[in-house]
Amino acid sequence: MVVAPYYTAMTDHPCIDFGAAAPALAHALIGATLLVDGVGGVIVETEAYDGDEPAAHSHRGPTPRTAAMFGPPGHAYVYRSYGIHWCLNFVCRESGHGAGVLIRALQPTHGLDTMRARRGLTDERLLCAGPGRVGQALGITAAHYGLSLCEAPFDVRAAPADVPVQVLTGPRIGISQAQDLPWRFGLAGSRYLSRRF
DNA sequence: AAGTAGATGTTCT
DNA sequence: GAACATCTACTTA
């Protein structure tokens with residue numbers, strides 16, 4: 001009797017659990033691939049935000065801007081940062097809570113020329129190293145507000161289960177509230193982070 | 001290497 | 001008015 005070789009399902013795309021709590025989803029997204037109209041790369045940095053906690057936009061309840069955070073998980077919450085940059089979040093958990101994950105940095109892998117044109121840069125390391133840069137490189141605008149992450153133009157694929165990723169954690173960047181929460185997550189050793197951990 | 005100014009929608013005091 | 005889940009350009013060492 002021949003024993004079949006053990007192998008993992010490399011060709012399958014494990015589903016992402018958008019219904020998880022924000023920190024769990026933020027951790028799970030490290031190593032996943034995010035494409036918008038075929039342009040994007042590997043997620044190397046995220047931050048979790050939760051309505052229970054004062055740094056989140058959703059903390060004081062829904063507003064016209066934050067309505068998507070109170071909608072179903074697995075959709076996009078897009079906001080304008082400092083009136084200038086478009087930033088992309090993945091809504092998570094069940095509706096009514098207001099939780100999401102900010103996509104802070106990607107390792108560019110798809111559509112480099114498009115991203116270089118949008119960013120007006122050639123340096124690959126700086127194409128998606130920061131939430132505003134990710135938004136510009138991926139062409140994120142208000143048109144993406146509230147869209148499902150499981151349908152075009154979005155394409156989110158979990159990291160292959162057999163590839164181990166070491167995830168770093170630390171305090172979130174650019175906030176003045178809840179600075180003690182270690183809700184920033186990053187891929188260890190990546191040169192595409194917005195800042196060192 | 002480090003610090004500062006300036007760009008400006010949405011929300012809050 | 002002021003703060004803000006930011007980035008770039010420019011100055012000073």
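Predicted, not measured: the structure shown is a model, and the values here were computed from it. All values below come from the heavy atoms of this structure, side chains included, with hydrogens, waters and symmetry mates left out. Here is the naming used below: chain letters follow the sequence lines, and residue numbers restart at 1 for every chain.
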Nearest-neighbour nucleotide for the [X] side chain, [options] considered:
X      : options              : value
A:H85  : C:dA5, C:dC4, C:dC7  : C:dC7
A:Y82  : C:dA5, C:dT8, C:dC4  : C:dC4
A:I84  : C:dT8, B:dT8, B:dT11 : B:dT8
A:S81  : B:dC12, C:dA5, C:dT6 : C:dT6
A:N89  : C:dT8, C:dA5, C:dC7  : C:dA5
A:I173 : C:dT6, C:dA5, C:dT8  : C:dT6

Hunt down the Watson-Crick or G-U wobble partner of C:dA9, both distances under 3.5 Å, from any strand shown, or write none.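 Matched C:dA9 with B:dT4 under the 3.5 Å cut-off.
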
Hey, is A:Y49 doing a stacking thing with C:dA5, by the 5.5 Å centroid and 30° angle criteria?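 Taking the rule of under 5.5 Å and under 30°, the ring of A:Y49 does stack on C:dA5.
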
For the pair made of [atom1] in [X] and [atom2] in [N], what is the distance, rounded to whole Å?
X      : N     : atom1 : atom2 : result
A:R172 : C:dC4 : CZ    : P     : 13 Å
A:R104 : C:dC7 : CZ    : P     : 7 Å
A:Y79  : C:dA3 : OH    : C1'   : 14 Å

Separation between the P atoms of B:dA5 and C:dA2, rounded to whole Å: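 Result for the P pair: 15 Å, nearest Å.
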
So that I can tick it off, tell me whether A:E53 and A:R172 are bridged by a salt bridge, with the cut-off set at under 4.0 angstrom between side-chain N and carboxylate O.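 Looking at A:E53 together with A:R172, the answer is yes, because their closest N to O distance falls below 4.0 Å.
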
Hey, is A:E47 close enough to A:R104 for a salt bridge, meaning N to O under 4.0 Å?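 Salt bridge between A:E47 and A:R104, a charged N being under 4.0 Å from a carboxylate O: yes.
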
Check this one for me: any side-chain N or O of A:R80 less than 4.0 Å away from OP1 or OP2 of C:dT6?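 For C:dT6, neither OP1 nor OP2 has a side-chain N or O of A:R80 closer than 4.0 Å.
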
Go through A:Y79 and A:H57 one step at a time and tell me if the ring-ring contact (aromatic ring centres under 6.0 Å, His included) criterion holds. CA-CA 10 Å; A:Y79 73 96; A:H57 288 165; 4.7 Å; yes

Looking for any heavy atom pair under 4.0 Å, which part of the strands does A:S176 touch: base, sugar-phosphate only, or nothing?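 Sugar-phosphate contact only.
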
